[in-house]
Amino acid sequence: GNDQVNPVVPPYIATPASDWYIEESRIRGGYNNLTVDFGVKAYLDEEKPLQQNRFNSLIYSGIFNSRTGINNTNQFSVGEDITKSADPANGSIQKLYAEDTNLIIFQEDKVSRALIDKDAIYSAEGNAAITSSPLVIGQIIAYAGEYGISQDPFSFAVYGYRKYFTDRKRNVVLRLSKDGITEISSYGMHDYFRDEFNNINTPGAQGVLKAGWDIHNKQYVLSSQPSIYASSNQYSTLSFDESVNGWTSFFTYKPDQLFSLKNSF
């Protein structure tokens with residue numbers, strides 16, 4: 001036969017070596033060594049897929065430790081009790097905030113705290129004794145008062161042990177501190193917030209409440225925006241000052257986000 005390459009058909013031109021990945025099927029390349037396989041592929045086609053929206057539940061993964069390089073955040077062991085549910089009657093969980101060894105849970109209609117890495121044992125007299133426990137999320141204990149964060153997690157701001165947030169359903173602005181939940185909107189502004197929060201519920205406007213902590217002036221700044229549209233001038237931004245227990249200033253800006261960095265707001 002003719003061993004010459006047909007000049008009309010160019011020889012096969014390989015792509016650059018950088019585009020190729022060599023995959024070895026056997027460990028160390030030995031002839032009878034163990035082979036590597038893709039394994040079982042998880043695939044399920046259900047005609048009627050069942051899905052649960054567990055809006056009141058928490059689930060946690062394995063640990064993450066950047067110092068030792070351990071990252072088990074993709075592990076959800078079925079051999080451990082890794083879920084904890086709050087009362088579904090209080091609505092969906094909107095916000096979580098970790099403080100010391102407690103996890104503060106903000107639902108639409110209730111604020112609670114869950115013990116982290118500890119458990120409480122109650123005596124016959126009803127006194128709680130904290131015990132060490134492998135339970136990651138312990139008992140969920142509600143704060144006194146029928147308050148929640150409605151559906152406005154962006155109204156949350158924190159400074160020290162004081163947490164500020166709004167409850168649009170009840171037309172109040174709240175502060176959670178060591179002495180429990182306090183209505184700070186009642187400091188001379190009860191009627192104002194009642195009317196302001198009612199305006200946010202206008203159908204189709206998709207209004208929002210946004211807040212942040214001004215670390216420079218030590219104030220909680222809250223912006224009520226009945227409409228999310230940029231062209232709308234309907235907004236109200238004002239600040240609460242803890243030193244005078246009152247609402248001290250209105251501002252002429254409509255914030256998209258509010259936060260403090262170092263000594264600047």
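The residues of the chain are indexed from 1 along the displayed sequence. All figures in this text were calculated on a predicted structure; none of them were measured in a lab. What's counted below: heavy atoms across the whole structure, side chains too, no hydrogens, waters or symmetry copies.
The distance from the CZ atom of R113 to the CD atom of Q139 is 11.0 Å, given to the nearest 0.5 Å. Remark: N102 CG to S112 OG distance equals 11.5 Å, nearest 0.5 Å. Between atom CD1 of residue I59 and atom CD1 of residue I82 there is a gap of 4.0 Å, rounded to the nearest 0.5 Å. Within the model, atoms OG of S236 and CZ of F250 stand 5.0 Å from one another, a figure rounded to the nearest 0.5 Å. Note that OG of S185 is 12.5 Å distant from CZ of R170, once rounded to the nearest 0.5 Å.
Q225 places no side-chain N or O within 3.5 Å of a backbone atom of Y235 that could act as its donor or acceptor partner. With S77 contributing its side chain and G79 its backbone, the two residues share a donor-acceptor pair below 3.5 Å. Looking at S150, its side chain does come within 3.5 Å of a backbone N or O of R168 through a donor-acceptor pair.
Here salt bridge (charged side-chain N to carboxylate O under 4.0 Å, His left out) pairs that include residues 135-151, with residues two or more places apart or in two chains, are K110-E146. Counting only residues at least two apart or in different chains, salt bridge (charged side-chain N to carboxylate O under 4.0 Å, His left out) contacts with residues 82-106 comprise E99-K163. Within the structure, the side chain to side chain donor-acceptor pair (under 3.5 Å) test picks out the following pairs touching residues 61-73 (sequence neighbours left out): N71-T73, N72-Q75.
A heavy-atom distance below 4.5 Å is not found between the side chains of N90 and N56. Taking 4.5 Å as the limit, every side-chain heavy atom of Q107 sits out of range of all side-chain heavy atoms of Q94. The shortest distance between side-chain heavy atoms of S155 and Y220 falls below 4.5 Å. Counting only heavy atoms from C-beta outward, the side chains of F193 and I184 never approach each other to under 4.5 Å. Looking at I116 and I137, their side chains never come closer than 4.5 Å, going by heavy atoms from C-beta outward. For the pair L222/V173, a side-chain contact is recorded, criterion being any heavy-atom separation below 4.5 Å from C-beta on. For the pair I105/I140, a side-chain contact is recorded, criterion being any heavy-atom separation below 4.5 Å from C-beta on. L58 places a side-chain heavy atom less than 4.5 Å from the side chain of L103.
I149 shares a hydrophobic cluster with Y97, I104, F106, V111, Y143, Y147, F156, V158, F165, V172, L174, L176, I181; the chain of contacts runs through ILVMFWY side chains whose heavy atoms sit under 4.5 Å apart. F265 shares a hydrophobic cluster with V221, F251, Y253, L258; the chain of contacts runs through ILVMFWY side chains whose heavy atoms sit under 4.5 Å apart. Hydrophobic cluster membership of I70, counting Ile, Leu, Val, Met, Phe, Trp and Tyr whose side-chain heavy atoms lie under 4.5 Å apart directly or via other members: I63. F64 forms part of no hydrophobic cluster, judged by ILVMFWY side-chain heavy-atom separations under 4.5 Å.
Nearest heavy-atom pair, A89 versus D109, reported as atom, atom and distance to 0.1 Å: O-OD2, 4.3 Å. The two residues A114 and G138 make their nearest non-hydrogen contact at CB-O, 4.4 Å. The minimum heavy-atom distance linking F197 with D167 is given by the pair CD1-O, 4.4 Å.
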* To do: Give the C-alpha distance, both sets of side-chain angles, the deciding distance and a yes or no for side chain to side chain contact (heavy atoms under 4.5 Å, CB included) between S224 and E196.
  => CA-CA 7 Å; S224 170; E196 189 68 28; 3.1 Å; yes
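Residues forming a side-chain contact (heavy atoms from CB on, under 4.5 Å) with V78 (at least two apart in sequence, or on another chain): none. Among residues two or more places apart in sequence or in another chain, the side-chain contact (heavy atoms from CB on, under 4.5 Å) test is passed with R162 by Y164, R175, S177, E242. Applying the side-chain contact (heavy atoms from CB on, under 4.5 Å) criterion to F55, with sequence neighbours excluded, gives N53, P88, S92. Partners of S186 under the side-chain contact (heavy atoms from CB on, under 4.5 Å) rule, at least two apart in sequence or in another chain, are E183.
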All N/O donor-acceptor pairs, side-chain side in residues 210-217, below 3.5 Å, sequence neighbours left out:
unit_1	atom_1	unit_2	atom_2	d
K210	NZ	D256	O	3.1
K210	NZ	D256	OD1	3.2
D214	OD1	H216	N	3.0
D214	OD1	N217	N	3.3
D214	OD2	N217	ND2	2.9
H216	ND1	N263	O	3.3

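Between Y192 and Y187, the ring center distance fails the sub-6.0 Å criterion.
Inspection of the D241 and T248 side chains reveals no N or O donor paired with an N or O acceptor under 3.5 Å.
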